[in-house]
Each structure stands twice: as C-alpha cells, then as structure tokens.
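What follows is one structure encoded as structure tokens, with my remarks underneath.
FYI, side chains are in, hydrogens and waters are out, and symmetry mates aren't considered; it's all heavy atoms of this structure. Residues take their numbers from the sequence shown, with the count starting at 1.
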Amino acid sequence: MESIQYANESVEVKPQTIRLTMGQALLKFLDNQYIEIDGEERKFIKGMFGIFGHGNATGLAEALERQESNLPLLQGKNEQGMVHAATAYAKQKNRLEIFACTTSIGPGALNMVTAAGTATVNRIPVLLLPSDNFATRQPDPVLQQIENPSDYTVSATDAFKSVSRYWDRIVRPEQLMTAAINAMRVLTDPVETGAVTLALPQDVQAEAFDYPVEFFKKRVHVIERRTPSEVTLERAVELIKSKKKPFIIAGGGTHYSFAAEALKQFAERFEIPVGETQAGKSAIAWNHPLNMGGVGANGSKASNVLSKDADLIIAVGTRLTDFSTSSKVAFQNPDVSFLNINVSSFDAMKMESQLLVSDAKTALNQLGEQLQKVNYKTAYDENELTSLKEAWDNEVDRLFNLKSEEGLEQSQVIGELNQFIDEKDIITCAAGSLPGDLLKLWRSKHPKTYHMEYGFSTMGYEVQAALGIKMAEPGREAYTLVGDGSYLMMHSELVTSLQEKQKINIILFDNHGFQCIHGLQVGQGSEGFGNEFRYREQSTNQLSGDYMEIDFAAHARSLGAKGYTANTVEELRDALKKAKQDTISTLIHIKTLPSKVEGYDSWWRLGVAEISNSESVKNAYENMEEKLNQARKY
C-alpha cells in the first residue's frame with residue numbers, strides 16, 4: 001500500500017489490482033510476452049495446443065473460451081503429438097516464437113513426457129501446462145491420481161522433473177507470478193532453454209486472486225549476443241594460428257544465432273572445410289566448395305577423411321554427440337585440438353575443448369577480424385579439397401541412381417525427392433535409417449530447409465513436426481520423410497493438419513518394420529530379432545512368418561487426406577506431382593528396400609555381448625574392443 005502526501009495529510013492508495021482466476025491470469029500474462037533480437041521485436045507466445053479432460057476442462061479451458069487475449073487454441077489429437085508440433089514450430093522459428101500445451105491430469109499429462117525430453121535435449125523452448133491433483137486434497141483420491149503411500153506430494157507431473165529445464169507446481173493462485181516469470185526466464189534464455197513445466201492443480205486453476213495490474217504489463221525479453229572475453233578470444237586466435245589443417249563442425253547453434261552467412265565467410269576467408277551435424281545441416285549450400293557434407297557416424301567420406309586428419313576441430317554451436325564424433329573415434333591426428341564456440345559453457349567444454357563461450361555469429365566475426373590481421377591461411381591443398389568434394393558428389397549421384405530388381409532403393413527414392421522438391425521447401429525426419437541417409441545424401445541449398453530431430457531421435461516426431469513446420473512457414477511446402485515404424489507409432493496430428501487446413505506431405509517409406517535397428521543387430525553378429533513386421537509362425541512361435549501388408553494410402557484417405565501408392569519411379573513422380581497440386585494434406589506410400597548406404601570410415605559404439613555362443617557376435621565384440629582402443633576416453 002502506497003502513501004501519497006497531500007498538503008498536511010497523507011492518503012493511502014491501494015495498488016491497482018485485477019481479480020482473475022489463476023487460469024485467466026496465466027493467459028493474460030502469456031499474451032503479453034515478447035522477445036527481441038538485433039532490435040527486432042516479436043510476440044513470443046503464439047497460441048496454445050490443448051486436449052481437455054477433468055483436470056483442465058473447467059479451469060484453463062474456461063479461461064481460453066472467454067479470454068480477451070490473442071491466444072488461439074489448436075486442438076491436439078495426442079498429447080505427445082501436439083508437443084512435437086509445438087517443438088517443431090519453435091525450432092523452425094529459431095526459438096523466437098513458441099506454443100504452450102495444456103492437458104488434463106494423469107495419462108494426459110504423462111503423454112507429454114517423451115516430447116518434453118525431445119525439446120529439452122534439442123534445446124528447444126516449449127511451455128507445458130499439465131493439470132495436477134487437487135491442491136486441497138478434499139476429494140482425494142480423484143480419478144487418474146497416483147497415490148504414493150510414502151510421499152503424498154508425488155503426482156504424475158513429477159515425471160517431468162528429469163526432462164524439464166524448469167519445473168514448478170502452483171498450489172496457490174498467487175504463486176503464479178514468480179512461477180510464470182521464472183518460466184519466461186528459462187524459455188527465452190539461449191543457454192537454459194528447453195521444456196518448461198508448470199503443473200496446475202485443477203482446483204487452483206479456477207481459484208481467484210487479486211493480481212497486481214503490473215504483473216500483466218508488456219515484457220520484452222532481449223536476447224543479447226554474448227561476446228567472447230578478450231582473453232578467450234586471444235587464446236582462440238593463438239590456437240588457430242598454430243594449426244595447419246583445421247576442420248569446422250557446424251551445429252544447430254549456427255542457425256539459432258543466424259550465423260550461416262558469417263560461417264560461410266569465415267570458411268572462405270581462411271579456406272577451412274566445413275562438416276555438418278544433423279542440426280547444423282543447410283547452414284551452407286551443399287554445392288559450396290568447402291561444404292564437405294555430414295560428419296561422424298552418418299557422415300560423408302569427405303568429412304570423415306578430413307576430420308580424421310585435422311589438427312584442429314572448430315565446433316560451432318554443437319553438443320558434439322556420439323554421432324557427430326563417431327563415438328570419439330573420428331579424430332585420429334595425435335596433435336588434434338578442439339576449439340568449441342558455444343553460448344553454453346556446458347556444451348563448450350566437451351571433448352576437453354578450449355572454450356570460446358560466445359554467440360556463434362559474434363565469435364566468428366571477431367575471430368575472422370583477428371585472423372585476417374595476421375594473414376592466416378590453412379595449409380590445405382586446394383586440389384585435395386576439390387578432389388574429396390567431387391568424389392563424394394559422384395558417390396551421392398551413384399546412390400541416387402542405385403537400382404534393384406527387387407524394388408525401390410531408399411537412396412533412389414531420396415534422390416527423386418531431392419530433385420522434385422523446390423529448393424526452399426522444407427523436409428523433416430527424426431528416426432530410423434532415414435536420418436543417416438539424409439545427412440549423407442540430401443542436398444540443401446538454403447538455410448532452414450532441412451529440419452531434423454536427432455538429439456532424441458524420437459520415433460513419432462515426424463508427422464507432427466510437419467504440422468509445426470507448416471504453421472511456421474505457411475508459404476512453403478512441408479514434407480516429412482517417415483518410416484512405417486515411426487508412422488505407426490504416431491500420426492495423430494495429420495488430423496489436426498486437416499482441421500486447421502495446414503497442408504503437409506507425408507512420404508512414407510515402407511520397409512516392413514524397424515529396419516534400422518534390424519540392420520544394427522545384423523551388423524553386430526545377430527541374425528535379426530524382433531524388428532520386422534512379420535506374422536507369428538506357428539511352427540517356431542517366432543515373428544518369422546510372411547511380412548504384414550498395410551495399405552497406408554488407404555489409411556490416410558480414411559482420415560480425410562489424399563493417399564497415393566508408388567511402387568515404381570514413374571508412379572512416385574506422378575504421385576509427387578499430384579500431391580503438390582493438392583490443397584489438403586497428402587500421403588505417398590512407397591515400398592522400399594532396407595538402406596544400402598554404407599558408413600564411410602565411421603563407427604558408432606554399441607554394447608556388444610561379451611559372452612555369446614555365436615561366433616559372429618564374438619567377432620563383433622572383438623571389433624568393438626579394437627575400435628575402443630582408437631577412441632578418446634572422454
């Protein structure tokens with residue numbers, strides 16, 4: 001309460017308040033959050049995905065129904081699916097716009113946990129609003145409530161703690177204020193961002209409080225481009241100067257920093273070849289002479305040869321995962337050092353790197369200025385780089401034209417798609433053998449046209465992601481490349497795409513099951529077990545009978561989408577043309593053979609059985625031990 005002095009008397013003035021339910025206050029707060037980078041301001045929360053149940057149907061839903069805010073509701077069809085769509089939207093928007101997601105308690109809430117992990121691992125902001133048990137406990141135990149006899153405070157929403165960057169449970173309506181402000185702190189922080197979970201007890205959502213009007217003011221969260229310290233910049237320059245054959249690994253941070261052009265100029269200025277991670281791909285056009293393609297376990301021959309011999313790895317905005325480093329076997333030069341440019345010191349320290357904690361665009365520009373002053377150049381033979389690049393391009397051409405009498409090769413289909421799809425349209429994928437083939441083979445010409453979720457490699461992300469991408473980029477076609485295994489796990493938001501008239505294109509590679517994992521098993525000495533979609537054979541009681549035949553095109557048509565089947569190249573080309581002319585979501589069902597694209601001097605560590613009665617498994621274990629002797633220990 002303020003006190004205002006008038007002449008000889010003092011008049012007390014109450015702070016201005018507005019009485020709202022907690023649900024209404026949350027919407028009013030979210031509607032007034034903005035984000036700014038490089039002087040450009042935009043609305044941060046664009047709307048809300050929701051599936052209603054007894055946890056939120058009369059709380060947050062009532063607030064949405066009668067809201068005065070500009071937060072449209074999109075009706076999800078599966079809780080995990082709608083969070084994947086929200087995650088893809090935020091990723092495509094370079095983390096500058098997001099959607100919130102609301103669910104009921106119990107299974108509705110728990111369905112979001114996998115998607116929360118996906119967002120957090122990939123450093124993508126998404127706001128999750130699962131409902132929770134009654135804070136009063138008066139009607140306990142309620143429907144879908146988990147009762148822990150040793151700790152009654154535990155509920156289903158506790159499961160989000162391990163996969164959230166910020167977690168809170170609001171058991172009194174006034175707690176919303178600190179919780180919401182903390183949620184925005186994390187969601188808009190390039191280092192801390194990921195899934196943010198605010199658990200909302202179903203009674204508290206509907207409880208009223210006199211909120212200060214000040215709480216609902218417009219807030220602009222400024223993303224500052226962190227600059228490197230003078231000392232670390234000098235050390236980075238000295239390290240680069242001492243090296244002759246550096247190799248750049250471009251990660252997702254290149255996109256989030258809008259550093260694609262800065263990276264290209266830096267590479268050109270000092271003649272440094274560039275390899276790409278799944279998240280970094282498309283930062284530089286595929287046909288740029290210094291773009292050597294994907295790196296690591298799913299990398300190109302050119303990138304893997306260069307990273308093996310490099311005396312310096314310059315990592316830009318990457319977590320350096322096992323796939324990017326070939327489980328730490330990729331770098332074989334005894335004098336190799338690592339320089340890691342990252343806004344996060346946690347990520348920058350990996351591989352015992354010399355840290356350059358900074359915004360990627362800022363660091364590349366400042367490094368470039370300092371290195372240019374000393375006329376730094378690498379010692380690469382231009383002919384060597386040209387030869388590696390040309391050899392790899394020829395290999396991709398060969399794989400695009402790979403033919404078999406048994407059916408369509410996966411690489412052949414990828415080649416047809418790459419040739420047909422407009423260069424500014426967007427593809428997405430997440431799991432199976434397709435991500436590996438796409439990192440090697442897909443030829444991107446423009447940034448943000450290749451959208452891969454490979455931090456968590458979440459089966460079921462693909463179709464849902466296409467919806468999020470289309471919402472983020474309505475002027476472009478969105479294509480999702482998905483295996484039959486991932487499609488069967490989740491395709492729920494295909495229906496939402498129809499409901500919202502957001503056309504997506506599903507390219508379904510049907511190879512009768514989880515052939516990626518089947519291939520991993522066979523590669524480690526197994527004969528293949530439990531990964532193909534076959535009928536159970538009575539004589540063996542194993543899943544070793546005939547392949548199951550599923551008409552995925554008919555399934556898509558039954559939901560209201562367009563469905564096409566392609567068993568030949570000619571049928572595929574015809575289906576692609578028809579799909580492009582369609583105005584509603586489409587699915588093209590393609591029977592393909594398991595991928596035959598090799599590993600190109602790469603390795604990925606798996607746990608191989610140390611004891612087995614199979615000679616092939618024993619041999620695989622010995623091979624693993626031999627590779628481990630070449631790997632860095634940490």
Side-chain angles (χ1 to χ4, degrees), residues 21-23 26 48-64 73 75-87 99-121 124-173 175-176 179-180 182-183 186-187 194-207 456 458-461 464 489-490 492-493:
T21 67
M22 188 269 280
L26 176 57
M48 188 173 295
F49 280 94
I51 296 179
F52 297 119
H54 64 276
N56 58 352
T58 55
L60 205 52
E62 193 280 338
L64 281 162
L73 172 74
Q75 183 190 77
K77 306 303 176 290
N78 175 283
E79 291 87 354
Q80 181 186 155
M82 69 186 190
V83 180
H84 286 326
T87 301
F99 275 78
C101 299
T102 176
T103 69
S104 61
I105 74 169
L110 287 175
N111 277 346
M112 295 198 294
V113 173
T114 298
T118 302
T120 293
V121 167
I124 305 297
V126 62
L127 177 59
L128 307 180
L129 304 171
S131 300
D132 212 328
N133 304 336
F134 277 84
T136 64
R137 302 188 183 179
Q138 177 273 323
D140 292 2
V142 297
L143 181 65
Q144 299 181 341
Q145 179 173 341
I146 292 174
E147 290 187 284
N148 185 330
S150 64
D151 185 350
Y152 206 72
T153 65
V154 171
S155 75
T157 57
D158 284 87
F160 287 89
K161 289 181 178 179
S162 64
V163 291
S164 298
R165 296 294 286 169
Y166 178 79
W167 182 96
D168 204 343
R169 179 179 287 128
I170 302 170
V171 297
R172 292 175 60 90
Q175 290 178 350
L176 171 68
N182 269 306
V186 175
L187 288 167
V196 166
T197 301
L198 299 182
L200 309 178
Q202 54 184 310
D203 51 343
V204 181
Q205 289 182 40
E207 290 178 4
F456 222 36
T458 307
M459 297 184 75
Y461 177 85
Q464 291 50 243
M489 282 197 179
M490 185 169 293
S492 56
E493 305 320 303

Looking at Asp203 and Thr136, would you say the former's side chain and the latter's main chain have a donor-acceptor pair under 3.5 Å? yes
For residues Leu26 and Leu200, determine if any side-chain heavy atom of one lies less than 4.5 Å from a side-chain heavy atom of the other. yes
Looking only at heavy atoms, the pair that brings Thr87 and Ala119 closest together is OG1-CB, 3.8 Å
dist Gln75:CD -> Ile51:CD1 (nearest 0.5 Å) comes out at 7.5 Å
side-chain contact (heavy atoms from CB on, under 4.5 Å), that's the test. Do Gln145 and Phe134 meet it? Break it down for me. CA-CA 9 Å; Gln145 179 173 341; Phe134 277 84; over 6 Å; no
Could you tell me which non-hydrogen atom of Phe160 sits nearest to which non-hydrogen atom of Ala116, and how far apart they are? CD2-CB, 4.2 Å
Got a second to check how far Ile105's CD1 is from Leu110's CG, nearest 0.5 Å? 10.0 Å
Sole residue of Asn182, Leu128, Asp168 in side chain to side chain contact (heavy atoms under 4.5 Å, CB included) with Leu198: Asp168
Donor-acceptor check, side chain of Gln205 to backbone of Gly55, threshold 3.5 angstrom: yes or no? yes
Scanning both residues in full, the closest heavy-atom pair of Ala109 with Ser131 reads CB-O, 4.4 Å
State, to 0.1 Å, how close Ala135 and Val171 come at their nearest heavy-atom pair, and which atoms those are. CB-O, 3.9 Å
Which distance, rounded to the nearest 0.5 Å, do you find between the CG of Asp158 and the CD1 of Ile146? 9.0 Å
Please check: side-chain N/O of Glu493 versus main-chain N/O of Gly76, any donor-acceptor pairing under 3.5 Å? no
Please answer whether the main-chain N or O of Val163 pairs with a side-chain N or O of Thr120 as donor and acceptor at a distance below 3.5 Å. yes
Quick check: does any side chain N or O of Thr118 sit under 3.5 Å from a backbone N or O of Thr114, one acting as donor and the other as acceptor? yes
So which atom in Gly81 and which in Ser492 form the shortest heavy-atom distance, rounded to 0.1 Å? CA-OG, 4.2 Å
Just verifying a value: how many Å separate Cys101 SG and His84 NE2, rounded to the nearest 0.5 Å? 10.5 Å
Donor-acceptor contact below 3.5 Å, side chain Gln464 vs main chain Val83: no
Under the ring pair (Phe, Tyr, Trp, His ring centres under 6.0 Å) rule, collect the residues that match up with Phe99, sequence neighbours excluded. Phe49, Tyr89
Could you go through Val204 and Gln175, starting from their C-alpha distance and side-chain angles, then the distance that decides it, and tell me whether this counts as side-chain contact (heavy atoms from CB on, under 4.5 Å)? CA-CA 10 Å; Val204 181; Gln175 290 178 350; over 6 Å; no
Please evaluate residues Leu129 and Leu60 with respect to the criterion side-chain contact (heavy atoms from CB on, under 4.5 Å), reporting the C-alpha separation (whole Å), side-chain torsions for both, the decisive distance (0.1 Å), and the verdict. CA-CA 9 Å; Leu129 304 171; Leu60 205 52; 4.1 Å; yes
Taking atom CG of Leu64 and atom CZ of Phe52, what is their separation to the nearest 0.5 Å? 5.0 Å
One should read off an interatomic distance between Tyr152 OH and Asp140 CG, to the nearest 0.5 angstrom, of 3.5 Å
Show every side-chain hydrogen bond (donor to acceptor under 3.5 Å, both in side chains) that has at least one partner inside residues 102-112, sequence neighbours left out. Asn56-Thr102, Glu79-Asn111
Does the side chain of Ser155 pick up a donor-acceptor pair with the side chain of Arg169 at under 3.5 Å? yes
Where is the tightest heavy-atom contact between Ser164 and Thr197, given as atom of each residue plus distance? OG-OG1, 2.8 Å
